[in-house]
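What follows is one structure encoded as structure tokens, with my remarks underneath.
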Amino acid sequence: MIDTSGFVASAVAFVIAFVAAGVFTILFKLIYQAATPYHERTLIREGNVAAAVTLGAALLGYVLALASALEHTVSLPEFAAWALLAGVIQIVAFTIVRRVVMPDFSDRIVRGEMAAAIYMASISLGVGLLNAACMSA
């Protein structure tokens with residue numbers, strides 16, 4: 001027989017965590033898009049695959065860190081702090097690549113250059129993995 005009260009408590013915790021992670025992901029997406037000098041929404045609607053790859057990988061990298069934070073935290077405020085830190089680190093990594101490593105990055109994404117997109121995607125996913133691993137320490 002199922003423990004109804006235990007299930008309900010777990011289900012409520014699941015919904016709260018899932019909604020919080022969803023809200024943080026949406027906020028990260030909006031902040032990330034504001035930090036980029038080009039307009040992902042417009043570029044993606046026009047069929048720019050490079051913009052879609054870059055944004056998609058940034059979101060995946062961030063969500064990797066969120067998943068680790070969900071697994072390793074015990075409270076919503078602690079989760080929020082890790083979510084905020086992970087988002088800042090992702091945006092800082094993007095900014096370093098865009099300003100230091102590849103100053104013409106924005107122009108290359110607008111032109112749809114996949115080499116630049118794949119490079120940034122690998123950075124975003126790598127940073128997300130490192131974020132996730134560091135949260136488990």
Side-chain angles (χ1 to χ4, degrees):
M1 185 163 239
I2 189 169
D3 174 18
T4 308
S5 63
F7 174 78
V8 169
S10 294
V12 168
F14 166 83
V15 169
I16 290 169
F18 194 85
V19 168
V23 167
F24 277 109
T25 301
I26 291 167
L27 289 173
F28 171 77
K29 180 182 179 276
L30 295 172
I31 293 166
Y32 182 88
Q33 286 178 302
T36 62
Y38 47 86
H39 301 282
E40 283 94 346
R41 176 181 281 180
T42 303
L43 292 172
I44 292 168
R45 285 186 180 167
E46 292 172 350
N48 185 315
V49 177
V53 166
T54 304
L55 178 60
L59 287 169
L60 287 173
Y62 180 68
V63 169
L64 282 168
L66 284 188
S68 179
L70 284 170
E71 186 175 357
H72 294 98
T73 58
V74 295
S75 69
L76 196 54
E78 184 182 7
F79 170 70
W82 284 117
L84 176 64
L85 181 59
V88 168
I89 291 170
Q90 279 286 1
I91 292 170
V92 166
F94 168 81
T95 303
I96 290 170
V97 170
R98 184 174 72 84
R99 294 195 178 185
V100 178
V101 178
M102 196 182 310
D104 63 341
F105 174 77
S106 299
D107 293 333
R108 293 176 72 177
I109 294 301
V110 170
R111 290 192 306 263
E113 290 187 23
M114 286 302 296
I118 292 169
Y119 178 73
M120 182 61 82
S122 67
I123 297 294
S124 294
L125 292 172
V127 167
L129 284 169
L130 289 175
N131 272 337
C134 291
M135 288 178 196
S136 67

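Both backbone and side-chain heavy atoms feed into the values below; hydrogens, waters and symmetry mates do not. Computed from a predicted structure; not experimentally measured.
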Q | Side-chain donor or acceptor of N48 paired with backbone N/O of I109 under 3.5 Å | A | yes

**Q.** Same apolar cluster (I L V M F W Y, side chains within < 4.5 Å links), V88/V63
**A.** no

Q: Look at the side-chain heavy atoms of Ile, Leu, Val, Met, Phe, Trp and Tyr, link any pair under 4.5 Å apart, and say whether I16 and F24 land in one connected group.
A: yes

Q) Taking the inter-plane angle between the rings of F105 and Y38 on a 0 to 90° scale, is it parallel (under 30°), tilted (30 to 60°) or perpendicular (over 60°)? A) tilted

Q. Once you round to the nearest 0.5 Å, how far does CD of Q90 lie from OG of S124?
A. 5.0 Å

Q. Between F79 and A69, what is the shortest heavy-atom contact and its length?
A. CD1-CB, 3.7 Å

Q: Let me see the working for T25 and L59 under side-chain contact (heavy atoms from CB on, under 4.5 Å), right down to the final yes or no.
A: CA-CA 7 Å; T25 301; L59 287 169; 4.2 Å; yes

**Q.** Test item: S122 side-chain N/O and Y119 main-chain N/O as donor-acceptor pair under 3.5 Å
**A.** yes

Q: Could you give me the CA-CA distance, side-chain angles and deciding distance for D107 and E113, then say whether side-chain contact (heavy atoms from CB on, under 4.5 Å) is met?
A: CA-CA 9 Å; D107 293 333; E113 290 187 23; over 6 Å; no

Q.
Walk me through whether R45 and T42 qualify under side-chain contact (heavy atoms from CB on, under 4.5 Å).
A. CA-CA 5 Å; R45 285 186 180 167; T42 303; 5.9 Å; no

Q) Out of curiosity, S68 OG to L130 CG, how far, rounded to the nearest 0.5 Å? A) 11.5 Å

Q | Flag, side chain of T36 to backbone of Q33, donor-acceptor distance under 3.5 Å | A | yes

